[in-house]
Number of protein chains: 2
Amino acid sequence: MSDLPLSDRAGWAADGAISTLMAQAIENPDCLSLAAGFVDPATLPVELVRAAAADVLAEPRANLLLQYGTPAGAGRLRIEVLERFATLEGVPTEELAATKGLTAGRVLLTNGSQQFLSLIAQVLLNPGDICLVAGPTYFVMLGTLAGVGARAVRVETDGDGMVPAGLERALDRFEQAGELARVKLVYLVPDFENPSGVVLSQERRTAILELLERRDPGGRIHVLEDAAYRELSFDGAPSASLWGRDPGDRVIYAGTFSKSFAPGLRIGYGIAPRALVQPLIDRKGNEDFGSAHFNQHLLAKVLESGKYDAHVEEVRDGYRRKCDVLLAALDEHLGGLPGVSWRTPAGGLYVWATLPEGVSTSFGSPLAEAAQHEGVMYVPGELCFAPESADGSPRPAHDMRLSFGVLDAAGLREAAARLGRAVRSVL
Amino acid sequence: MSDLPLSDRAGWAADGAISTLMAQAIENPDCLSLAAGFVDPATLPVELVRAAAADVLAEPRANLLLQYGTPAGAGRLRIEVLERFATLEGVPTEELAATKGLTAGRVLLTNGSQQFLSLIAQVLLNPGDICLVAGPTYFVMLGTLAGVGARAVRVETDGDGMVPAGLERALDRFEQAGELARVKLVYLVPDFENPSGVVLSQERRTAILELLERRDPGGRIHVLEDAAYRELSFDGAPSASLWGRDPGDRVIYAGTFSKSFAPGLRIGYGIAPRALVQPLIDRKGNEDFGSAHFNQHLLAKVLESGKYDAHVEEVRDGYRRKCDVLLAALDEHLGGLPGVSWRTPAGGLYVWATLPEGVSTSFGSPLAEAAQHEGVMYVPGELCFAPESADGSPRPAHDMRLSFGVLDAAGLREAAARLGRAVRSVL
């Protein structure tokens, strides 16, 4: 095989993390995975999809559902998504149209919200441009940013999310370095962040937007609000978004039906600022002409049927129960160990656990080897921290992302027992 | 709205052509479209999809079809695709494995073949890199190349496809200019090219590969074989591919189920050279984690059922009949006009028609306005020619791409009558 010159982007996209995790899983099939961010297989809506597929294919002109759609997606689903979004916002669609100029024309359908995140990165960021992120944050987004040659820079973050004063210090630092113009994006996962489970507090949502309005009144620095877990609050109440507080067109909102319904349909969406609608559609057209038209009608049928809310309620209850199981099992197997702690999430799919500083959780560490030996997998926390930080703080390497998404209660208990043994073996 | 600085790529992706055509169609809903490259709605397989959806969702562990898949796609469909590809090649899979090292691991599933073309462009081409193309060629690919900042350069082309001597002259020219290292790709649509309907002759397929082996023995210049229309030969016989002639890993093959089955499922595929498999998977992972898992199993079910071939046969027959209708109607309404001609295709979806030089078919031309007035649409030929040519030849602007894909026989006859009136009005 010759050593072919690939594009710069091909090099930027290379990332061994997921490959390493998958290889571990394949080599060790009896392994219990607290690593996979997949959804609970028991909640996957086979009956709803079967009924919707049959119904939608029995509609007049059903053949047209099998035709090409458009890059922005089927109007029928964009309208349903807009209504669902308005419900989450607690504001009628008419009012959103009047006060925020929001119409279905600004709702773009993508292959999961991941494609929307990727399109935003492509449309906004040149190589060398800067995206500010929480630490820790969604590690796949770090790969997406690297994939366009952008710099992801970590901002001070605590149990209430990104620290506004830390964000301001980061802006100061880039201003002093003459790089403020390269800062184009702040990426936030305000609800039950993957991986930390942290909720960005309501006060900080307001403070971050006020800070950006003050420092960047032209709206040149966008906020990308990744709301993937917004519907998965254990108490069922959606929090007030950053988008809803935005006085202008700064906030870009990404949503998905992967976590609440079925990732196998690959339907996510974005609510785009007016100036980005056409560039995003052009880029999506270049990449794939639009997502599967059939799936869009199928999901629209589910939403029209009124059965979606009850399904989400079930999903939410299931994750709350499984989270309780994992937390209790962690208490049993890791409780009281000095320097070992974890956060109790109020929604989402993840528990973030921290070991004593100096006890590495990274690939190749004694803990990773012990976990592999015990037959349990987690996501090393290091992957979730952008290497570069605004305040020069080092990249922590002693945390773990534990997902209660895939395993059932018995699996979670056994996985926690294995993890407990592995941790005890290295402390 | 502020004038926000978007990425360079956002500017590269902007392309008004499809937007202009769509706006024309919306403004003028009684318009008959010979422009759209959509498939015949009458052939869309509602019953096959309905049965496959029901069957696949009744399988044990059907819930897992609604889970995330992998970036490369479901093994079940990759194996079916490999078998289908082997049938087209006329070579058993075991022999392909032994002689070419081809396994299902090199079959990548994408959102239509368009996403595969886009991934190839991303992985191989840096801004300023060169892709050589036929003239005319698939105009969406020209947009995809522009979207990564690459230079598409037109090579001499005639009724048997790209001229090998023209390709060699192009390589000479780039060598003399010190730019040969920037030539990374030759893009070819060998079967019933969109838009010209031209088949790249068997001799030229061999000659082009021999030429590249001679000039670039290291295989640095890849050939991207876009086989979107390969199954749509009117006589049912697939032609021998460039891929099958490749002594090494130069040829990248793109196929799709959009034209032969249903574009609304968005399933295309690529057969990747060994060195590109991982970079393509990494890039696809960054962009969307993988295409819809559910759809992949649904299509696998169709292929497993053995009903696919009969369906393709029907599709093929339908297009042959509709092509005959359009050709007869063109004869009736445009026949004998001086300087007006068109090609008789042996497959695919398109008739390429040429007007006298100097009679522009481009947007805004008197003909375009006459056609809009008559209520008929075509794709202006100019869009299908890369602006830059290797031999300095000007970009032709007096052709039209006419598709017989969407309209039924009566629609094709009426559209040809309208086009005839429009053409006569400007000659």
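In what follows, every chain begins at residue 1, and chains take the letters A, B, ... in the order their sequences are listed.
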Exercise for review: With a 4.5 angstrom heavy-atom cut-off, could you sort out which part of A:Gln278 is near chain B: side chain, backbone, both or neither?
Suggested key: side chain
Practice item. Just give me the residue among A:Ala53, A:Pro263, A:Gly112 that pairs up with chain B most often, heavy atom to heavy atom, under 4.5 Å. Key: A:Pro263
Check your understanding: By a 4.5 Å heavy-atom criterion (distance strictly below it), what part of B:Leu265 contacts chain A: side chain, backbone, both, or neither?
Key -> both
Study note, to complete from the structure: Assert top hit (heavy-atom pairs under 4.5 Å, partner chain B, pool A:Val406, A:Leu64, A:Asn295) equals A:Asn295
Practice item. Answer with side chain, backbone, both or neither: which region of A:Ala146 has an atom nearer than 4.5 Å to a non-hydrogen atom of chain B? Key: neither
Review point. Any idea which of B:Met141, B:Glu47, B:Arg283, B:Arg50 has the most non-hydrogen atom pairs under 4.5 angstrom with chain A?
Key: B:Arg283
Review point. Do NZ/NE/NH1/NH2 and the carboxylate oxygens of B:Arg250 and B:Asp216 come within less than 4.0 Å?
Key: yes
Exercise for review: For residues A:Arg61 and B:Val46, determine if any side-chain heavy atom of one lies less than 4.5 Å from a side-chain heavy atom of the other.
Suggested key: no
Review point. Using a cut-off of under 4.5 Å for heavy-atom pairs, which of B:Gly37, B:Ala42, B:Gly147 has the most such pairs with chain A?
Key: B:Gly147
Check your understanding: Are A:Asn194 and A:Asp226 close enough that a side-chain donor and a side-chain acceptor fall under 3.5 Å?
Key -> no
Review point. Using a cut-off of under 4.5 Å for heavy-atom pairs, which of A:Thr110, A:Leu66, A:Asp288, A:Leu119 has the most such pairs with chain B?
Key: A:Leu66
Exercise for review: With a 4.5 angstrom heavy-atom cut-off, could you sort out which part of A:Ala54 is near chain B: side chain, backbone, both or neither?
Suggested key: backbone
Review point. Taking C-beta and beyond as the side chain, do A:Phe261 and A:Val49 meet within less than 4.5 Å on heavy atoms?
Key: yes
Exercise for review: Taking the side chain as every heavy atom from C-beta outward, state whether B:Tyr269 and B:Ser113 have any pair of such atoms under 4.5 Å apart.
Suggested key: no
Exercise for review: Between chain B and each of A:Ala292, A:Ser118, A:Ser291, A:Ala262, count heavy-atom pairs under 4.5 Å; write down the option with the most.
Suggested key: A:Ala292
Point to revise | Electrostatic pair B:Asp129-B:Arg182, nearest N-O below 4.0 angstrom | key: yes
Point to revise | Side-chain touch A:Arg266/B:Phe294, heavy atoms, less than 4.5 angstrom | key: no
Study note, to complete from the structure: Most contact-rich option vs chain B, by heavy-atom pairs under 4.5 angstrom, among A:Ala36, A:Gly285, A:Pro45, A:Gly69, is A:Pro45
Practice item. Ignoring hydrogens and angles, state whether a donor on the side chain of B:Lys184 or A:Ser7 is under 3.5 Å from an acceptor on the partner side chain. Key: no
Practice item. Keeping the roles fixed (side chain from B:Gln115, backbone from A:Glu287), state whether a donor-acceptor pair exists under 3.5 Å. Key: no
Review point. Is it the backbone or the side chain of A:Leu298 that comes under 4.5 Å from a heavy atom of chain B, or both, or neither?
Key: side chain
Check your understanding: What residue in B:Gly290, B:Gly268, B:Gly248 has the most heavy-atom pairs under 4.5 Å with chain A?
Key -> B:Gly290
**Study point:** Selection from A:Val39, A:Val148, A:Ile281, A:Leu125 maximising heavy-atom pairs under 4.5 Å formed with chain B
**Key:** A:Val39
Check your understanding: Checking A:Pro279 against chain B: side chain, backbone, both or neither under 4.5 Å from a heavy atom?
Key -> side chain
Practice item. Please answer whether the main-chain N or O of A:Gly264 pairs with a side-chain N or O of B:Gln67 as donor and acceptor at a distance below 3.5 Å. Key: no
**Study point:** Atom group of B:Ala121 that falls short of 4.5 Å from chain A, counting heavy atoms
**Key:** neither
Practice item. Kindly say whether B:Arg274 contributes a backbone atom to a donor-acceptor pair with the side chain of B:Asp249 at under 3.5 angstrom? Key: yes
Study note, to complete from the structure: Under 4.5 Å to a heavy atom of chain B? For A:Leu57 that would be both
Review point. Side chain, backbone, both or neither: which part of A:Pro127 has a heavy atom under 4.5 Å from chain B?
Key: neither
Check your understanding: Has the side chain of B:Arg220 got a donor or acceptor atom that lies under 3.5 Å from a matching backbone atom of B:Val183?
Key -> yes
Review point. Which bit of A:Thr70 comes within less than 4.5 Å of chain B, counting heavy atoms only: side chain, backbone, both or neither?
Key: side chain
